[in-house]
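Heads up: the structure comes next, in structure tokens.
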Amino acid sequence: MSNSKNFEELLRVAGEEFECDKVVPHNYHKYYASHLEEYTGRSFKLLEIGIGGEGREIGGASLKLWERAFPQAEIHGLDIFPKTELDTQNIKTHIVDQGDPQALIEFVSQYGPFDIIIDDGSHKRSDQLTSLFGLIGAVIPGGYYILEDYFTSYWPVYDGSTLAKDFLDTPVRWLKQSIDIINRNNMLSEDMRSTVPDWQIDELHVYPGVAFLRKGLSQNRTEIPEGDFTSNQIELDDLRYGQYKNMFLSYAQDPTSNLNLLIKLKEEIDAKISTLVVKSQI
Ligand SMILES: C[S@@+](CC[C@H](N)C(=O)[O-])C[C@H]1O[C@@H](n2cnc3c(N)ncnc32)[C@H](O)[C@@H]1O
């Protein structure tokens, strides 16, 4: 068996023992195995948002799983409920609300940065985005930010929507945006580039239910050729699409602006139609 298969088996067995839903029913352990196998035997820092059990049970299945898989790792867990019963030499739990940007800053300044951050907390759209924006900078180069159950972006109970999915700011939108983020340095327009955060990620791995963003080791890589290529391409882009620039920029900054634009357009069209109707009656 390959090392990766051995590691997958270790995660499966430990996950079943601790009743971790990463294994049953989600089957995420095979994706974790292929990405995190390289961390075995190393000392590193892992943070997981969401310890489990909420206020009813103690939870901690995944923290125990990580402790078994990575005995040399420093493991931190965040939850809004106290979970100190789970603390061991390797595991430290903290009460931190993942939707509170200031609390995240304070936590990171005390315990960060991390090699791996996993968001398996409330799964609410705004909490996931607050954590992603607040914590991606706390992942070291070469490390991972992992989003579990990102499909909640489509479900109203978590503040998501299937119908309005293209008009809402959701984790799924930011996973799609990650292609732009990875290619930030290949963008020709400074204005458009400024709408794309500089997260320094250079890998995006999306699986059913779980997505891995990986920080790059080298920075500022660009494929833009030397010479007058840039000015030439900017001019051509501007000739073709320059008249819509403000619309494109406002959409890039805020996806709901597309909805506003459509509403405005509809109002203008309705107004034109009513004038035409009035005229035709004369
Ligand atoms: C799905 S469970 C986590 C399961 C655990 N990661 C595992 O794999 O065994 C979600 C946890 O997130 C916690 N939670 C809910 N809202 C939160 C918030 N705003 N900040 C931090 N944790 C939160 C809940 O209390 C619950 O314990």
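Quick caveat: nothing in here was measured; it's all calculated off a predicted structure. For ligands, and for the atoms within them, numbers begin at 1 and follow the listed sequence.
Taking every non-hydrogen atom of Phe81 and a distance limit under 4.0 Å, the qualifying atoms of ligand 1 come out as 25 (O). Applying the 4.0 Å criterion to heavy atoms of Asp127 picks out, from ligand 1, the atoms 19 (N). Using a 4.0 Å cut-off to heavy atoms of Gly53, the atoms of ligand 1 that qualify are 27 (O).
When only modelled atom types and interatomic distance are considered, Tyr32 and Glu148 share a side-chain donor-acceptor pair under 3.5 Å. Of the N and O atoms on the side chains of Ser62 and Glu48, at least one donor lies less than 3.5 Å from an acceptor on the other residue. At a cut-off of 3.5 Å, with distance as the only test, a side-chain donor of Glu67 or Thr88 sits close to an acceptor on the other residue.
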>> Quick one, Asp191 with Lys245, criterion salt bridge (charged side-chain N to carboxylate O under 4.0 Å, His left out). Give me CA distance, side-chain angles, the key distance, then yes/no.
In response: CA-CA 9 Å; Asp191 289 335; Lys245 189 173 172 182; 2.8 Å; yes
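Here Lys92 does not pair with Glu74 in a salt bridge; the nearest charged N to carboxylate O distance is not below 4.0 Å. Contact check on Lys22 versus Glu8 returns no salt bridge, with no Lys/Arg side-chain nitrogen under 4.0 Å from an Asp/Glu carboxylate oxygen. Using a 4.0 Å cut-off between charged side-chain N and carboxylate O, Arg12 and Glu9 make a salt bridge.
Across Ala61, Gly59, Gly15, Gly50, heavy-atom proximity to atom 11 (C) of ligand 1 is greatest for Gly50. The heavy atom nearest to atom 7 (C) of ligand 1, considering only Ser131, Ser62, Ala103, is found in Ser62.
The backbone of Ile51, and not its side chain, has at least one atom closer than 4.0 Å to an atom of ligand 1 (non-hydrogen atoms only; backbone = N, CA, C, O). Contacts of Ile80 with ligand 1, taken as heavy-atom pairs under 4.0 Å, involve both backbone and side chain. Residue contacts with ligand 1 for Glu148 are absent, since no atom lies close enough (heavy atoms, distance under 4.0 Å).
Taking atom 8 (O) of ligand 1 as the reference point, the nearest protein heavy-atom neighbour is Lys22 NZ, 2.9 Å. When hydrogens are left out, the protein atom nearest atom 20 (N) of ligand 1 is Gln98 N, 2.9 Å; that is the closest non-hydrogen contact. The closest protein non-hydrogen atom to atom 16 (N) of ligand 1 is Ser122 CB, 3.3 Å. Summary of contacts: the protein heavy atom closest to atom 27 (O) of ligand 1 is Asp79 OD2, 2.7 Å. What sits closest to atom 2 (S) of ligand 1 on the protein, heavy atoms only, is Gly52 CA, 3.7 Å. The protein heavy-atom contact nearest to atom 4 (C) of ligand 1 is Asp120 OD2, 3.4 Å. Considering only non-hydrogen protein atoms, atom 19 (N) of ligand 1 sits nearest to Asp97 OD1, 2.8 Å.
Summarising the geometry of Ile58 relative to Ile51, their closest heavy-atom pair is O-CG2, 4.4 Å, with the distance given to 0.1 Å.
Residue contacts with ligand 1 include Val96, since one of its heavy atoms falls under 4.0 Å from the ligand.
Under the 6.0 Å distance and 45° angle rule, Lys45 counts as a cation-pi partner of Phe114.
Between Phe151 and Trp155, the two ring planes are tilted [angle within 30° to 60°].
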